[in-house]
Participant: 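I am attaching a structure below and will ask some questions about it afterwards.
Given the structure is predicted, the values throughout are model-derived calculations rather than measurements.
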Amino acid sequence: MLKKILFALLGITLFFILAAMGISLLYKNEIKDLITKTANEKLQAQFQFEDASISLLRHFPSLSIEVENSSIIGKNEFKNDTLSQIQKLTIQIAPLAYLLDHQIDIQDVMIEKAKLNLHILPNGKMNWDIYQAGPSESPQAKSNQNTRISLEHYQFIDADIHYTDEMRGFSTQLIQLNHEGSGDFSQDIFTLKTRTEVEKLSLEFLGKTYLSEVKSKLEAPIEMNFSKMEFAFKNNDLFLNDLPIHFDAWVAMPDTSIDMDIKFHALKSPLKDFLSLVPLLYQNSFQDLQASGDFALNGYAKGKMNGQSMPGFGMDLRISKGAFSYAKVPVGVKQMELDLHIDNPDGIPDHTLVDLKKLQLYMNKQPIQASLFLKTPVSNPYLTASLKGVLNLGEIAKIIPQKNTQMSGTIQSDIQLDGYVQAFKQAQGKASGYFNAHQIQYTNSETKQDIRIQEATASINPKSLIIRNISAKLANTQFYASGSLQNYVLYFLKNDKITGNLSLKSPLVDLNPWMQNRGGNTDKNSRSNTSASTSSSADLKIPKNVDFTIQSNIDKLLFKDLVISQAAGKMRVADQILSLEGLSFQLANAAWKSKGSINLQESQNPLVQFAFSIQHLNIQEAHKYFSLVQKFAPIAAAAQGKVDVDFTYAGSLNPDFSPNIMSTTAVGNMDLVDFNLKNSASFNQLLSLTQWNQLKNLELKPTHLNFQIKQGRLQFKPFEVQTNLTKFHVNGSNGLDQSLAYTILTDIPAKSLQSGVAASLNQQLAKLNPNLNLEKIQQALKMQITVSGTVQKPEFKVNIINSQTTNSNASVTTQAKELVKQEAKQQINKQLDEAKAKAEVLKKEAEALSQKLRQEAYANADRLVEEAKNPFAKIAAQKIAERLKKEADRKADALLEEADQKAQELIEKARQN
């Protein structure tokens, strides 16, 4: 690993040098673009920086290269994972060495305020393995290169390094690291002189903290052998706070593995040096601490470390006849005995053995005793442990005085564990005992924390830790809890997931003191949507390894200026997600039902998803407390009435826990009840514009609306509002930018308008055609209101339109003329229809008369023929009958022709009118 990091740093440094020397004559922006492009071609990561400069004057005759605010962000598995952030990188080289001797002589590399995050995934993938060699950088090509590189001095100034190895369960943090080294890197064998100081060093293994914010210092000459890739530390002393640890180390990197042989010891040192590693002691007047007794420490790490294995390790720690106290405090810790042995011969984590044979101490004559034996911690931990004693917090406060802190109360325990953890899960093995806490009080005047536990009792069996009762008060919050936790042994051993079912009851949950402790503002004049609060959602964290189901009943909950009452429901805390089911409560004098989740996996901007059902929500109360209403429905500030709402909501939270409005999406419906706008300035402006005085008494009947919020805009589906005056058809939206875009269409009772647009229209109609039926025309009129502009400065346009008219922007005179034309056309059409009807009647009468004439003539003719007596008389009768029929046909046709002519004359006359 060290080899890869060293080569990566040297490779990036070399790149900057070559790029700077090759492009020093180009413009600044071209330099920046070329460096960024070339770096991103060479790295499996995204490289960027703010500024770069090259100067021969700054450290003449050396060439000085400076890069400001650079960063490397990973790709693929490490997408959005920042490998490094360097505020300033300065490289000083000797250009003449390259020109004369083909050698890159790096005189100094200075890295200021760097933040490095080194990360190994469970599959062994490393986030710093980002350099990708091109074809020209093959081993054969490299062997043909004659360029030599030398480095004289390098240093890190005020750097933070975070290293996490998920594969091995190891992590360390070095905060405020200052490190420098000097040597002749042009030689294969030389001594590198290093000096390192770390303000805060922390170390964790398998979920347990072994060093916490320890101040460290090391001055170490390192024998470097680059030809064999071997490095030796000899006779070095590492200081951890006041504890000196002598160590010898040998490290070799012949390939991708690292071979090591490290030994350290601190034999028979004063106990006080060891106690300096205890943060609570070291940070509280450690110079005044008096200690006696001895301790011995020795350990080793030996073997090979690579992607599949790690070296073996071990440690022995013994304390005998230990005692410590402060000079001015009458009580202290006495008869401290400790015997701890840790061993792992081959580096396989499951082969780790921890044997705490003895831990004993007396606090004001009260004994505390503990022991622990652990093996096979990964596959199936076997555990033998015991803890017995009484811990008096008041005595601890005397023994270890802490500034701004007061403690009192007692914790008593007597537990025994013996068996395999997998057996514990099956309720087998030995696990028994109890924990009792009584009258615990913890107060910190600086952080304003006030914790009181009146009573807490718990017991264990192989499967569960049973919480029989907790009665506690945190600041103003009083709560009572009970339940059980499973897998508690593995949780305490190596932070494995713990599950549980709990019942929580509280008469009052007040979150505001905790918000204030984080710097928030809970002033009663502030609203839940304001940015005045500086509390951060990043402070709200849910552990990754808990899975709790909590049945809660809370009489009253206070959050900023929200007062929530009668809250009941089921909560689940798992995978850093808080899920709520069947939640019901009272808020803003309305009944709420909800289910949803808050995802804190991204704690900077938590994601929320909820479904709400709200009954009888006062509109002004909604505007008072909720930012969504303030931003998307500001008219609610002047509205009166109540609303029922059902909607789903999704989005993210700002750092002050308020909704991120631009990320909000919502879909739902609402029912307006007893809604009016009598106190709205915009409504009064519209009333003045229309001069529809009856609007003063407008009363809305219950109205149903469908809406959605998306991309910063509230959009309503077209809806109809029933009122005591008329119907209103509404369509439109308004935006987070306070813009308005609405169209309102309503039937207008023109007879009741004495002035304004409708009255002007009536006057124009009367001038154009006094004989028009105005009452009939008015029944076809509608008022169209368009609303635009912004919430602060709305713009209204009012037009009177006919139901058949599409030009809603026409002037009053134009609309009047159009209505006259329409009315005249309707009258013409009516006369024409009447003429056609009369013509049809004439035709039918003529048809009937002609038919009757034919029938009578034909009947008479046929009778003459029948009455003839002889053949000659019949022939004569037939001739007469034929003439009678022909005469009848002529008269009938004449009747039809005359009727048709009269019908045509009627129709033509109607058309001419």
Side-chain angles (χ1 to χ4, degrees), residues 2 155-156 159 161 163 170 172-182 191-205 208-223 231-251 260-302 311 313-327 333 336-343 359 400:
L2 294 174
Q155 59 181 325
F156 286 85
I161 299 177
Y163 173 79
F170 174 82
T172 185
Q173 293 83 40
L174 293 87
I175 307 301
Q176 297 182 31
L177 163 73
N178 289 280
H179 169 81
E180 64 176 328
S182 60
T191 298
L192 176 65
K193 298 179 180 179
T194 67
R195 185 175 67 86
T196 306
E197 291 185 359
V198 180
E199 189 66 26
K200 297 179 181 179
L201 169 65
S202 300
L203 187 148
E204 295 182 3
F205 180 61
K208 297 302 177 184
T209 300
Y210 291 91
L211 294 176
S212 176
E213 298 186 352
V214 173
K215 188 174 183 178
S216 310
K217 182 174 67 174
L218 172 66
E219 291 189 11
I222 307 173
E223 296 181 3
F231 313 95
F233 300 76
K234 293 184 178 180
N235 297 317
N236 296 284
D237 288 324
L238 169 66
F239 285 84
L240 301 176
N241 286 339
D242 287 356
L243 173 65
I245 297 179
H246 184 82
F247 73 96
D248 295 298
W250 172 87
V251 178
M260 65 181 66
D261 187 357
I262 302 173
K263 298 175 183 176
F264 61 91
H265 65 272
L267 295 175
K268 293 186 178 180
S269 297
L271 179 62
K272 186 174 180 179
D273 292 348
F274 174 74
L275 294 177
S276 71
L277 298 183
V278 181
L280 197 60
L281 293 173
Y282 191 73
Q283 296 169 6
N284 287 277
S285 303
F286 186 72
Q287 66 275 9
D288 298 329
L289 183 72
Q290 297 178 346
S292 61
D294 295 319
F295 91 97
L297 171 69
N298 63 78
Y300 75 95
K302 185 175 182 179
F313 60 90
M315 184 185 75
D316 286 293
L317 173 63
R318 293 182 178 88
I319 297 176
S320 61
K321 300 178 181 179
F324 66 89
S325 63
Y326 286 90
V333 172
M336 179 187 292
E337 302 287 336
L338 174 67
D339 188 352
L340 173 64
H341 173 70
I342 299 175
D343 189 47
L359 171 60
I400 310 174

Participant: Could you tell me whether R195 and E197 have a side-chain N and a carboxylate O separated by less than 4.0 Å?
Facilitator: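 Salt bridge between R195 and E197, a charged N being under 4.0 Å from a carboxylate O: yes.
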
Participant: Take atom NZ of K215 as the centre, draw a 6.0 Å sphere, and report whether it contains more than 12 heavy atoms from other residues, nucleotides or ligands.
Facilitator: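 No, the 6.0 Å shell around NZ holds no more than 12 heavy atoms from other groups.
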
Participant: Determine whether K263 and D261 make a side-chain contact, defined as any pair of heavy atoms from C-beta on separated by less than 4.5 Å.
Facilitator: yes

Participant: Drop me the distance from F264's CZ to D248's CG, to the nearest 0.5 angstrom.
Facilitator: 12.0 Å

Participant: Return the CH2 to CZ distance between W250 and F231, rounded to the nearest 0.5 Å.
Facilitator: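 So the CH2 of W250 and the CZ of F231 are separated by 11.0 Å.
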
Participant: Measuring from L338:CG to L271:CG, what's the distance to the nearest 0.5 Å?
Facilitator: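 Atom-to-atom, L338:CG and L271:CG are 10.0 Å apart.
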
Participant: Does the side chain of M315 reach to within under 4.5 Å of the side chain of L340, using non-hydrogen atoms?
Facilitator: yes

Participant: Residues in ring pair (Phe, Tyr, Trp, His ring centres under 6.0 Å) with H341, at least two apart?
Facilitator: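 Partners of H341 under the ring pair (Phe, Tyr, Trp, His ring centres under 6.0 Å) test: none.
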
Participant: Do S202 and L211 touch side chain to side chain, with heavy atoms closer than 4.5 Å?
Facilitator: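 They are not in contact (no side-chain heavy atoms under 4.5 Å apart), so the answer is no.
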
Participant: For the residue pair P244 and A266, what are the closest heavy atoms and their distance?
Facilitator: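 For P244 and A266, the tightest heavy-atom pair comes out as O-CB, 3.7 Å.
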
Participant: Answer whether the closest heavy-atom distance between the side chains of L289 and Y326 falls below 4.5 Å.
Facilitator: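 Answer yes - side chains close enough.
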
Participant: Closer than 3.5 angstrom, by distance alone: can the side chain of T172 be matched with the main-chain N or O of L203 as a donor-acceptor pair?
Facilitator: no

Participant: Output the distance between atom CD1 (I319) and atom CG (L297), rounded to the nearest 0.5 Å.
Facilitator: 10.0 Å

